Amino acid sequence: MSGVRVRFAPSPTGYLHIGNVRTALFNHLFAACSGGELILRIENTDRERSKSEYAEQILNDLRWLGIRWQEGPDIGGPYGPYRQSERMQHYRETAEKFIREGKAYYCFCSQEELETIKRAAQAKGLPPKYNGRCRKLSREEVEQKRALGLKPSLRFKVEEGFLEFEDIIRGPVRFDMGLFGDFVILRPDGVPTFHLAVCVDDVLMRITHVIRGEDHLPNTPRHILLFRALGEAPPRFAHVSLIMGKGGEPLSKRLGAMSVEEYRKTGYLPEAVDNYIALLGWAPGDNREIFSLAELEKVFSLSRVGKSPAVFDKEKLDWLSGEHIRALSHEAFVEKACDYLVSEGLMPAFARALPQNRLHEILLIFKDNILHFDALRDRLEIFNPEAENQDAEMLRAPQVPGILKILEEYFLSLAPGENADYEALNQKLKAAAVAKGKELFMPVRVALTFRAHGPELKKILPLLARELCLERIKKMKVA
RNA sequence: GGCCCCUUCGUCUAGUGGCCUAGGACGCCUGGUUCUCAGCCAGGUAACACGGGUUCGACUCCCGUAGGGGCUACCA
């Protein structure tokens with residue numbers, strides 16, 4: 001037991017995108033490689049934007065990626081509940097305690113007043129911090145205002161001075177707290193802000209390491225102050241850089257970042273997604289690139305996570321995805337391919353009618369050929385009796401009628417239900433000497449599969465029904 | 001505007017003062033695999049943002065500049 005406890009704490013205001021996933025994955029890998037525990041916590045203090053469907057989806061996405069947690073809203077645990085909306089009493093108690101201890105105070109400033117203060121400061125080139133106006137309010141003044149029905153928020157007192165901490169990824173970071181201003185920890189309706197909720201929960205849940213996005217770096221000094229006020233040593237922090245889109249723009253939800261759901265629908269293997277994301281900002285140090293989740297769990301190290309933001313590159317994901325698919329055993333490939341096609345409703349009718357082992361044989365010839373399972377939908381068309389000829393232009397060449405004739409003769413010579421023998425057909429074709437090389441094989445391929453591209457004919461022919469071949473040849477002759 | 005973070009091939013990265021005429025991978029290009037695409041194999045293309053220091057020596061350390069990003073909310 002290492003005693004390491006980390007958490008992934010998404011707010012259910014949208015789908016999980018690559019940035020979130022990476023934070024989740026790094027938390028998982030760090031917990032796994034240090035023998036610690038991962039806690040999943042739902043940060044839904046923003047009542048307006050949080051939706052339970054999103055929370056549900058997030059859990060599913062994480063499960064699909066193979067990320068496992070030891071405590072969470074779905075499985076409970078000794079430090080629950082794990083949804084912040086169910087932990088309000090903790091936050092309020094803490095807030096009250098801070099008031100009693102003089103660490104926080106009531107603030108009656110309106111939004112308009114705050115806006116004015118901010119603008120005034122900015123005009124002078126000063127940091128736009130709250131000026132602490134309500135800090136000086138006496139107990140009587142507070143009571144008076146409350147008697148008037150005014151609802152105050154609660155502000156945490158920030159004292160001047162420098163605050164320095166050691167970030168595991170970034171090294172020493174230093175902030176001038178004189179620039180921060182007192183910040184709100186409880187809204188007038190009694191709902192805590194993120195700062196309070198996070199710190200209270202991290203303490204109560206015994207979190208030892210906080211691994212989160214770099215966007216939280218400027219929040220960290222505030223949090224450290226809160227931890228101190230709670231009388232606890234702050235956890236260790238590790239701020240992971242953000243992921244950018246192609247072109248360097250931030251990869252945020254609104255800029256069309258793909259959700260995990262979409263990766264699943266495209267037919268990527270979860271391990272390929274994990275592998276790719278792990279490589280974004282982390283490198284093992286020896287030139288290895290292909291990892292299963294289990295392997296990552298063994299070799300991952302936070303100290304090897306880079307500081308600079310990384311650009312998401314779909315090309316490389318696709319390559320890795322292909323690698324993972326090719327590395328699958330035949331059985332695993334067939335199973336996953338079928339699962340994918342069925343669950344996405346993409347299993348074509350003709351394929352469903354096929355005997356199972358025949359379908360498996362067919363799927364297998366595409367194994368080394370696809371980057372993700374979604375591609376199967378199109379590749380399978382060469383076996384689909386309903387398919388249209390997409391590459392008929394290939395059959396314009398003068399030698400084509402001759403080739404078609406030989407093909408027809410050959411297939412007619414087979415018994416019903418008997419599929420072509422590649423070698424035999426090949427010999428017949430060559431003996432006729434109508435054409436050779438590309439001139440010969442492209443027309444043959446297109447006539448029999450209706451496609452200019454696909455696996456080797458040698459692999460296709462034994463699986464392609466005689467009757468379908470004859471039908472296609474006939475259609476070709478007419479056209 | 002203020003504060004903070006970041007900066008090696010187009011992209012992901014290795015590199016922690018001499019091993020670097022900078023390594024690997026994706027992509028791209030060329031050739032091979034005597035049917036296509038893919039795959040595979042072989043080869044090629046391409047980078048230390050800039051300017052000052054420190055040092056016998058800097059991609060590596062320090063300081064600036066520039067560029068990018070984050071935060072600056074009673075969002076997380």
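What you are looking at is a predicted structure, and each value in this text was computed from that prediction instead of being measured. Excluded from the calculations below are hydrogen atoms, water molecules and symmetry mates; all remaining heavy atoms, backbone and side chain alike, are included. The sequence lines fix the lettering, A, B, ..., with proteins before strands; numbering per chain opens at 1.
- Checked against B/C35, B/C74, B/G70, the side chain of A/T193 finds its nearest nucleotide in B/C74.
- Atom CZ of A/R379 is separated from atom CZ of A/R451 by 9.5 Å, given to the nearest 0.5 angstrom.
- Per the geometry, CD belonging to A/E323 stands 8 Å off P belonging to B/C26, to the nearest Å.
- Base pairing of B/A25: its partner is B/U11, meeting the Watson-Crick or G-U wobble criterion (both donor-acceptor distances under 3.5 Å).
- The base of B/A14 has none of its N or O atoms less than 3.5 Å from a complementary donor or acceptor on the side chain of A/D286.
- When the P atom is compared between B/G51 and B/A58, the two are found 14 Å apart, to the nearest whole Å.
- Counting non-hydrogen atoms under 4.0 angstrom, A/E115 reaches nothing in the nucleic acid.
- Out of B/U72, B/A76, B/C35, the shortest distance to the side chain of A/F194 is found at B/A76.
- Separation of the A/F98 and A/F156 ring centroids falls under the 6.0 Å cut-off.
- Residue contacts shown for A/R379 are absent, as no nucleic acid heavy atom lies under 4.0 Å away.
- Within 4.0 Å (heavy atoms only), A/G306 reaches no atom of the nucleic acid at all.
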Quiz item: ring-ring contact (aromatic ring centres under 6.0 Å, His included) between A/F180 and A/Y130: does it pass, once the steps are laid out?
Solution: CA-CA 8 Å; A/F180 273 70; A/Y130 177 62; over 10 Å; no

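- Among the protein residues, A/N219 comes within range of the nucleic acid bases, having at least one heavy atom under 4.0 Å from a base atom.
- Considering only side-chain atoms of A/A283, the nucleotide from B/C26, B/C74, B/A14 that sits closest is B/A14.
- Ring-centre distance between A/H28 and A/F8: not below the 6.0 Å cut-off.
- The 5' end of RNA chain B is approached more closely, in terms of each residue's nearest nucleotide, by A/P218 than by the other of A/D46 and A/P218.
- Using C1' as the reference atom, B/U34 and B/C28 are 27 Å apart when rounded to the nearest Å.
- Base engagement by A/E456 is indicated by at least one non-hydrogen atom pair under 4.0 Å involving a base atom.
- Looking at the side chain of A/V184, the nearest of the listed nucleotides B/C12, B/C74, B/U36 is B/C74.
- Comparing A/A452 and A/L186 by the nucleotide of RNA chain B whose heavy atom lies nearest to each, the residue mapping closer to the 5' end is A/A452.
- Between A/L328 atom CG and B/G39 atom P the separation is 17 Å, expressed in whole Å.
- Of all nucleotides listed (B/A73, B/C4, B/C6), B/A73 comes nearest to the side chain of A/K118.
- Backbone-only contact: A/R174 has heavy atoms under 4.0 Å from sugar-phosphate atoms and none from a base.
- Using bins of under 30°, 30° to 60° and over 60° for the plane-to-plane angle, the ring pair A/Y276/A/F312 lands in the perpendicular bin.
- Taking atom C1' on both nucleotides, B/C37 is separated from B/A76 by 47 Å, rounded to a whole Å.
- Closest to the side chain of A/P309, from the set B/A76, B/C40, B/C6, is B/C6.
- Remark: A/K438 is not in phosphate contact with B/C35, judged by side-chain N or O atoms under 4.0 Å from OP1 or OP2.
- Residue A/S308 is in sugar-phosphate contact alone, with no base atom involved, counting any heavy-atom pair closer than 4.0 Å across all strands shown.
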Self-check item: salt bridge (charged side-chain N to carboxylate O under 4.0 Å, His left out) between A/R7 and A/D202, intermediate numbers included
Solution: CA-CA 8 Å; A/R7 50 30 166 222; A/D202 284 346; 2.9 Å; yes

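- Looking at heavy-atom distances under 4.0 Å, A/L242 makes contact with sugar-phosphate atoms alone, never a base.
- The pairing partner recorded for B/A73 is none, the criterion being a Watson-Crick or G-U wobble arrangement whose two distances lie under 3.5 angstrom.
- Counting non-hydrogen atoms under 4.0 angstrom, A/N369 reaches a base of the nucleic acid.
- Considering only heavy atoms from C-beta on, A/V21 stays 4.5 Å or farther from A/Y263 through its side chain.
- Comparing the same atom, C1', in B/A49 and in B/U60 gives a spacing of 16 Å after rounding to whole Å.
- Taking atom C1' on both nucleotides, B/G15 is separated from B/G53 by 23 Å, rounded to a whole Å.
- Side-chain atoms of A/R304 lie closest to B/A14 of the nucleotides B/A14, B/G70, B/A38.
- At a threshold of 4.0 angstrom between heavy atoms, the contacts of A/P10 with the nucleic acid are absent.
- Using Watson-Crick or G-U wobble geometry with both donor-acceptor distances under 3.5 Å, B/C40 finds its partner in B/G32.
- Across the protein-nucleic acid pair, A/E112 atom CD and B/C74 atom P stand 13 Å apart, rounded to whole Å.
- Residue A/Q111 is in base contact, counting any heavy-atom pair closer than 4.0 Å across all strands shown.
- For A/K316, the listed nucleotide lying nearest its side chain is B/C12; candidates were B/C12, B/G70, B/U7.
- The interatomic distance linking A/D313 (CG) with B/C28 (P) rounds to 11 Å, in whole Å.
- The A/E214 side chain lies nearest to B/C5 when the options are B/C5, B/A76, B/C26.
- The aromatic rings of A/F366 and A/F383 stand perpendicular to each other, their planes meeting at an angle above 60°, with 30° marking the opposite boundary.
- When distances are taken from the side chain of A/H216 to each of B/C3, B/U36, B/A76, the shortest belongs to B/A76.
- If you take atom P in B/C50 and the same atom in B/U8, they sit 11 Å apart, rounded to whole Å.
- The gap from the P atom of B/G64 to that of B/C6 amounts to 14 Å, rounded to the nearest Å.
- Of all nucleotides present, only B/A49 satisfies the Watson-Crick or G-U wobble test against B/U65, with each distance under 3.5 Å.
- Between the C1' atom of B/A25 and the CD atom of A/E289 lies a distance of 4 Å, rounded to the nearest Å.
- Across every strand in view, B/G18 sits in a pair with B/C56 that passes the Watson-Crick or G-U test at under 3.5 angstrom.
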Exercise. Evaluate the side-chain hydrogen bond (donor to acceptor under 3.5 Å, both in side chains) criterion for residues A/H239 and A/H216: first the C-alpha distance (whole Å), next the side-chain angles of each, then the deciding distance (0.1 Å), finally the verdict.
Key: CA-CA 7 Å; A/H239 287 93; A/H216 287 298; over 6 Å; no

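- A close approach under 4.0 Å does occur between a side-chain nitrogen or oxygen of A/R326 and OP1 or OP2 of B/C40.
- Of the C1' atoms belonging to B/U16 and B/U33, the separation is 44 Å, rounded to the nearest Å.
- Base engagement by A/R445 is indicated by at least one non-hydrogen atom pair under 4.0 Å involving a base atom.
- Rounded to whole angstrom, the span from the NZ atom of A/K314 across to the P atom of B/C26 amounts to 16 Å.
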